[in-house]
Undergrad: 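This structure is in structure tokens; I'll ask about it shortly.
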Amino acid sequence: MQIYLLRHGDAVPEEDAGSDRDRWLSARGREAARILGRLLREQRIEPDAIVCSPLPRAVQTAELVAATLDFLGPIVSLRSLEPSAQPRIAANAIANAGAAVLVVGHEPSISSLGAFLLGRPSFPPFRTAQCCAIENGKPTFTARADLDQIQAYFVE
């Protein structure tokens, strides 16, 4: 199984949106999502499914990355990917979504999900518009829009 964990792009301040739940991507966040999509396309990532948190900034990130990857399927919104969600519930939903699943969420739940999937006590926190690839139960690379690059993980 291939799981690509993504944190949404930069969002507008809470004061502009009225609440944290309603925050949408800033112009910088939209551009970062497109860069992240390009980085994943260059890695030949072809997801069977894309799932995301229902919050606007995660949905918008998923849509922009999906467009860059030429993904034509539906993007499924899961409450189990909201910021305070428990990783076990999200992991069960992801396991049933497909063989290659792109998951768009938030901190701290996206790094908690990474730790849960890898059976680790913790996982490094994600920057905005960052993706970590977990392939066959091991982290293989991270893609960072802020650096416009892929960094390989060196597994022992």
Undergrad: Determine, using the 4.5 Å side-chain heavy-atom cutoff (strictly less than), whether Y4 and V76 are members of one ILVMFWY cluster.
TA: no
Undergrad: Is R41 atom CZ crowded by more than 12 heavy atoms from other residues, nucleotides or ligands, each under 6.0 Å away?
TA: yes
Undergrad: Does the T68 side chain pair with the main chain of L64, one donor and one acceptor, at a distance under 3.5 Å?
TA: yes
Undergrad: Give the minimum heavy-atom separation between L81 and A90, together with the two atoms involved.
TA: CD2-CB, 3.8 Å
Undergrad: Give a yes or no on this: more than 12 heavy atoms of other residues, nucleotides or ligands lie within 6.0 Å of atom CD of Q86.
TA: no
Undergrad: Tell me the closest heavy-atom pair linking E107 and P83, and the distance in Å.
TA: O-CB, 4.4 Å
Undergrad: So V101 and V51, side-chain contact (heavy atoms from CB on, under 4.5 Å) or not? Walk me through it.
TA: CA-CA 7 Å; V101 183; V51 297; 4.0 Å; yes
Undergrad: With side-chain contact (heavy atoms from CB on, under 4.5 Å) as the test, would you mind laying out the steps for R144 and Q149 before giving the verdict?
TA: CA-CA 6 Å; R144 287 185 44 185; Q149 70 179 15; 5.6 Å; no
Undergrad: If you take all heavy atoms of P87 and S112, which pair is closest and at what distance?
TA: CB-O, 3.8 Å
Undergrad: I'd like a table of donor-acceptor pairs (distance under 3.5 Å, sequence neighbours excluded) in which one partner is a side-chain atom from residues 113-134, with atom names and distances.
TA:
| unit_1 | atom_1 | unit_2 | atom_2 | d |
| --- | --- | --- | --- | --- |
| R127 | NE | D146 | OD2 | 2.8 |
| R127 | NH2 | D146 | OD2 | 3.4 |
| Q130 | OE1 | R127 | N | 2.8 |
| Q130 | NE2 | T142 | OG1 | 2.8 |

Undergrad: Strictly by modelled atom types, are S53 and E82 linked by a side-chain donor-acceptor pair under 3.5 Å?
TA: no
Undergrad: Working note: L102 + L6, criterion side-chain contact (heavy atoms from CB on, under 4.5 Å); need CA distance, chi angles, decisive distance, verdict.
TA: CA-CA 7 Å; L102 197 138; L6 279 78; 3.6 Å; yes
Undergrad: Please report the shortest heavy-atom distance between A93 and L78, naming the atom on each side.
TA: CB-CD1, 3.9 Å
Undergrad: Does any part of the side chain of L69, heavy atoms only, come nearer than 4.5 Å to the side chain of E46, both counted from C-beta?
TA: no
Undergrad: May I ask you to decide whether R38 forms a salt bridge with D148, counting only side-chain N to carboxylate O separations under 4.0 Å?
TA: yes
Undergrad: Is there a salt bridge (Lys or Arg N to Asp or Glu O under 4.0 Å) between R57 and D20? Walk through the geometry before answering.
TA: CA-CA 10 Å; R57 58 192 180 269; D20 183 57; 3.4 Å; yes
Undergrad: Would you check, one step at a time, whether the test side-chain contact (heavy atoms from CB on, under 4.5 Å) holds for R30 with S26?
TA: CA-CA 6 Å; R30 288 190 302 277; S26 66; 5.8 Å; no
Undergrad: Does a side-chain heavy-atom distance below 4.5 Å link R23 with E14?
TA: yes
Undergrad: Kindly check if the number of other-residue, nucleotide or ligand heavy atoms within 6.0 Å of CD (Q151) is above 12?
TA: yes
Undergrad: Measure the spacing between CD of Q2 and CG of N136 and express it to the nearest 0.5 Å.
TA: 7.0 Å
Undergrad: Which heavy atom of I50 sits nearest a heavy atom of F71, and at what distance?
TA: CD1-CD2, 3.5 Å
Undergrad: Please check: side-chain N/O of D10 versus main-chain N/O of R28, any donor-acceptor pairing under 3.5 Å?
TA: no
Undergrad: Locate the shortest heavy-atom distance separating N92 from N96; write the atom from each residue and the value.
TA: O-ND2, 3.1 Å
Undergrad: Apply the side chain to side chain contact (heavy atoms under 4.5 Å, CB included) test between C52 and each candidate in V103, T61, V65, V104; give the one that qualifies.
TA: V104
Undergrad: Are I75 and I45 grouped together when hydrophobic residues (ILVMFWY) are joined by side-chain heavy atoms under 4.5 angstrom apart?
TA: yes
Undergrad: Distance check, rounded to the nearest 0.5 Å: W24 atom CH2 versus L55 atom CG?
TA: 13.0 Å
Undergrad: Identify whether L5 and Y153 are in the same connected component of the hydrophobic contact network (ILVMFWY, side-chain heavy atoms under 4.5 Å).
TA: yes
Undergrad: Quick one: CD1 on I94 to CD1 on I89, what's the gap to the nearest 0.5 Å?
TA: 12.0 Å
